[in-house]
There are 2 protein chains.
Amino acid sequence: MTARTPADGSPHGVASVDGVAGRSSGREIPEATVARLPIYLRALTSLGERGIGTCSSEDLAAATGVNSAKLRKDLSYLGSYGTRGVGYDVDYLRYQIAREIGVTHDWPVVIVGIGNLGHALANYSGFRSRGFRVVALLDAAPERHREAVAGLEVRPFDDLEEIVAAETVAIGVIATPAVAAQDVTDRMVASGISSILNFAPTVLSVPDGVDVRKVDLSIELQILAYHEQRKAVPDIDDNPEQEVIA
Amino acid sequence: MTARTPADGSPHGVASVDGVAGRSSGREIPEATVARLPIYLRALTSLGERGIGTCSSEDLAAATGVNSAKLRKDLSYLGSYGTRGVGYDVDYLRYQIAREIGVTHDWPVVIVGIGNLGHALANYSGFRSRGFRVVALLDAAPERHREAVAGLEVRPFDDLEEIVAAETVAIGVIATPAVAAQDVTDRMVASGISSILNFAPTVLSVPDGVDVRKVDLSIELQILAYHEQRKAVPDIDDNPEQEVIA
DNA sequence: CTCGTTTTGTTCTTCTGTTCACAAACTCCT
DNA sequence: AGGAGTTTGTGAACAGAAGAACAAAACGAG
Ligand SMILES: NC(=O)c1ccc[n+]([C@@H]2O[C@H](COP(=O)([O-])OP(=O)(O)OC[C@H]3O[C@@H](n4cnc5c(N)ncnc54)[C@H](O)[C@@H]3O)[C@@H](O)[C@H]2O)c1
Ligand SMILES: NC(=O)c1ccc[n+]([C@@H]2O[C@H](COP(=O)([O-])OP(=O)(O)OC[C@H]3O[C@@H](n4cnc5c(N)ncnc54)[C@H](O)[C@@H]3O)[C@@H](O)[C@H]2O)c1
């Protein structure tokens with residue numbers, strides 16, 4: 001039996017109740033907080049590069065566009081890493097967040113589907129600089145295999161199992177057409193991958209214990225369109241010519 | 001004064017309380033629901049293409065990976081478009097959702113920053129097929145202007161105002177490096193764009209009334225990494241070699 | 001050492017979103 | 001026509017997240 005990941009946020013099926021007063025490892029970080037930690041991490045890196053050694057929750061909130069109370073609460077899930085009256089040590093906090101997220105070491109990643117989007121991803125330097133190492137580019141089409149993209153050769157999709165085993169890859173990225181995505185997913189899961197980032201506009205079925213996150217451009221645009229329509233037409237139904245300035 | 005959009009979901013600053021029992025236009029669709037409507041829309045299109053004329057909330061829930069009660073409640077915000085004992089008419093519901101989102105007509109879109117990612121976006125057919133028409137590709141670098149990408153020429157960024165005015169563009173996509181993103185945003189907003197999809201890993205400041213949504217690959221991967229680390233090491237802190245099967 | 005200032009960590013309240021459960025509404029069959 | 005079987009739409013309970021507010025802790029000035 002397969003468990004579909006919910007369409008929205010929560011990728012996990014973990015029971016969030018631990019009746020034992022959760023002391024052992026102590027941490028039960030809410031999903032919403034987890035989603036913001038990378039934002040703080042990036043802001044702290046930026047502050048650090050600008051030579052700033054200490055910052056208050058207010059500073060960091062301003063840099064990330066987050067409410068400062070929310071930010072402090074988020075950070076409090078990791079521990080007490082601030083100093084009252086002073087703020088947070090930028091480098092120390094950055095390290096603590098990185099450790100919590102698990103990006104103190106590199107994660108090997110495979111990308112499947114080296115078309116338009118796959119090329120862009122392969123060339124994306126932000127991957128590497130944030131703790132992710134692309135170890136292989138895979139594509140089913142033989143004519144792709146002659147190419148080298150971003151210093152890596154494009155390899156046959158059938159090499160997947162071998163590569164995953166050799167590099168203990170846990171994270172896979174899918175940039176194939178939607179029709180192929182479920183097949184690719186099944187092969188990934190069978191080979192041992194347990195986290196998938198999916199760019200294909202389709203719902204993936206995965207067994208329990210496998211996380212899927214999807215990035216869907218059209219959905220983002222449609223959400224914008226919804227709000228845009230609302231702005232333009234406050235009352236009438238289907239007449240988007242009229243521009244109303246509030 | 002600028003209002004930062006919250007890091008997470010809600011792009012709007014709308015007051016959600018309307019003490020007057022909200023009858024006039026009747027609709028006050030929750031943000032979480034809005035984010036799912038495009039998913040339903042896609043599933044319905046797919047069902048329609050397969051010749052399926054009617055579907056129950058259970059069917060649609062299975063196709064989209066959403067809880068069926070949640071789905072029914074989502075749809076109930078749009079109106080009563082189902083028939084008890086029968087289900088929903090696929091085409092009719094699809095149209096109603098499309099109308100609610102505002103994709104019964106095309107939205108003109110400009111893409112700024114035609115590098116790796118911009119190329120992929122320009123070539124993406126899913127744009128057009130889902131109600132978004134790319135009217136211009138803009139880039140600051142003169143050497144890009146010789147190119148034609150996906151049947152459109154790459155034009156100088158300074159043409160922005162002219163194009164936005166001529167086509168009444170409301171939606172802009174930013175695929176420039178992070179350092180340029182705020183400048184591009186300011187120009188977009190000044191020219192009349194009021195919805196922005198941002199691929200650059202940076203927080204944008206925009207005035208009230210402008211929506212920003214961001215797509216951030218690294219954040220998605222880091223969220224996956226967090227859960228992955230959790231799976232691998234249930235108790236110890238920093239030793240990701242050990243693989244534990246629950 | 002004491003006071004005033006700053007800023008964290010946390011509690012409490014409010015809001016938003018999810019899930020359950022069931023009456024109402026519909027179809028089909030006899 | 002009536003009853004059995006479906007499936008919607010929604011009220012109510014529950015869960016999770018956000019924001020306001022403040023006590024406790026640190027620091028620096030005097
Ligand atoms: N291009 C974009 O900007 C963009 C944006 C959002 C979403 N997407 C989605 O991303 C996916 C890829 O888009 P694209 O524009 O790069 O498409 P594309 O057609 O250019 O590339 C797809 C690649 O996948 C390969 N492929 C097909 N079946 C495969 C399989 N079974 N195993 C391995 N590889 C396989 C093809 O050979 C091709 O190289 C699509 O699902 C698309 O909807 C693309
Ligand atoms: N490539 C990816 O897969 C990927 C993934 C996630 C995020 N991103 C982000 O998307 C952005 C673009 O990535 P990329 O790989 O395409 O970068 P890129 O360097 O290939 O392309 C950037 C383009 O923007 C243009 N540009 C620079 N400044 C500009 C300005 N002020 N006005 C207009 N155009 C300008 C450049 O001329 C260049 O063509 C970056 O912020 C990157 O972090 C990229």
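In what follows, every heavy atom counts, from backbone to side chain, and hydrogens, waters and symmetry copies are set aside. Reminder, nothing fancy here: chain letters follow the sequence lines and each chain counts from 1.
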(Q) Quick check for you: among D:dA20, C:dC26, C:dT8, whose closest atom lies nearest to any side-chain atom of B:Thr83? (A)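 Nearest to the side chain of B:Thr83 among the choices is C:dC26.
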
Q. Considering only side-chain heavy atoms of B:Ala32, which listed nucleotide, D:dT8, D:dC22, C:dT18, is closest?
A.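 It is C:dT18.
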
May I have the distance from [X] (atom [atom1]) to [N] (atom [atom2]), rounded to whole angstrom?
X       : N      : atom1 : atom2 : result
B:Glu58 : D:dG9  : CD    : C1'   : 14 Å
A:Lys70 : D:dA20 : NZ    : P     : 11 Å
B:Asp89 : C:dT27 : CG    : P     : 13 Å
A:Tyr77 : D:dG16 : OH    : P     : 11 Å
A:Leu75 : C:dT8  : CG    : P     : 9 Å

Please state whether the phosphate of [N], meaning OP1 or OP2, lies under 4.0 angstrom from any side-chain nitrogen or oxygen of [X].
X       : N      : result
B:Arg84 : C:dC22 : no
B:Tyr88 : D:dG9  : yes
B:Ser57 : D:dT8  : yes
B:Arg36 : C:dT18 : yes
A:Ser80 : C:dG9  : yes

Tell me yes or no: between the side chains of [X] and [Y], is some donor less than 3.5 Å from an acceptor?
X        : Y        : result
B:Arg99  : B:Thr104 : no
B:His227 : A:Glu31  : yes
B:Gln182 : B:Thr202 : no
B:Thr33  : B:Asp74  : yes

Q | Contacting residues from residues 41-51 of chain B, given that a heavy atom lies under 4.0 angstrom of DNA chain C | A |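 The stretch gives none, as no residue of it lies under 4.0 Å from the strand.
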
Q: Could you pick out which residue, A:Thr33 or A:Gly85, lies toward the 5' side of DNA chain D when each is mapped onto its nearest nucleotide?
A: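 With A:Thr33 and A:Gly85 compared, the 5'-side residue is A:Thr33.
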
Q.
With a 4.0 Å cut-off on N to O distance, would you call A:Arg42 and B:Asp216 a salt bridge?
A.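 Salt bridge present between A:Arg42 and B:Asp216.
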
Q.
For A:Tyr81 and A:Tyr88, I'd like to know if the aromatic rings sit close, meaning centre-to-centre distance below 6.0 Å.
A.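 Centroid distance A:Tyr81-A:Tyr88: not below 6.0 Å, so no.
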
(Q) Assess the residue pair A:Asp89 and A:Leu93 against the criterion (side chain to side chain contact (heavy atoms under 4.5 Å, CB included)); give the C-alpha distance rounded to whole Å, side-chain angles, the decisive distance to 0.1 Å, and a yes or no. (A) CA-CA 6 Å; A:Asp89 182 278; A:Leu93 183 58; over 6 Å; no

**Q.** Under 3.5 Å donor-acceptor pair, A:Lys73 side-chain atoms to C:dT10 base atoms
**A.**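 In this structure, the two groups form no donor-acceptor pair.
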
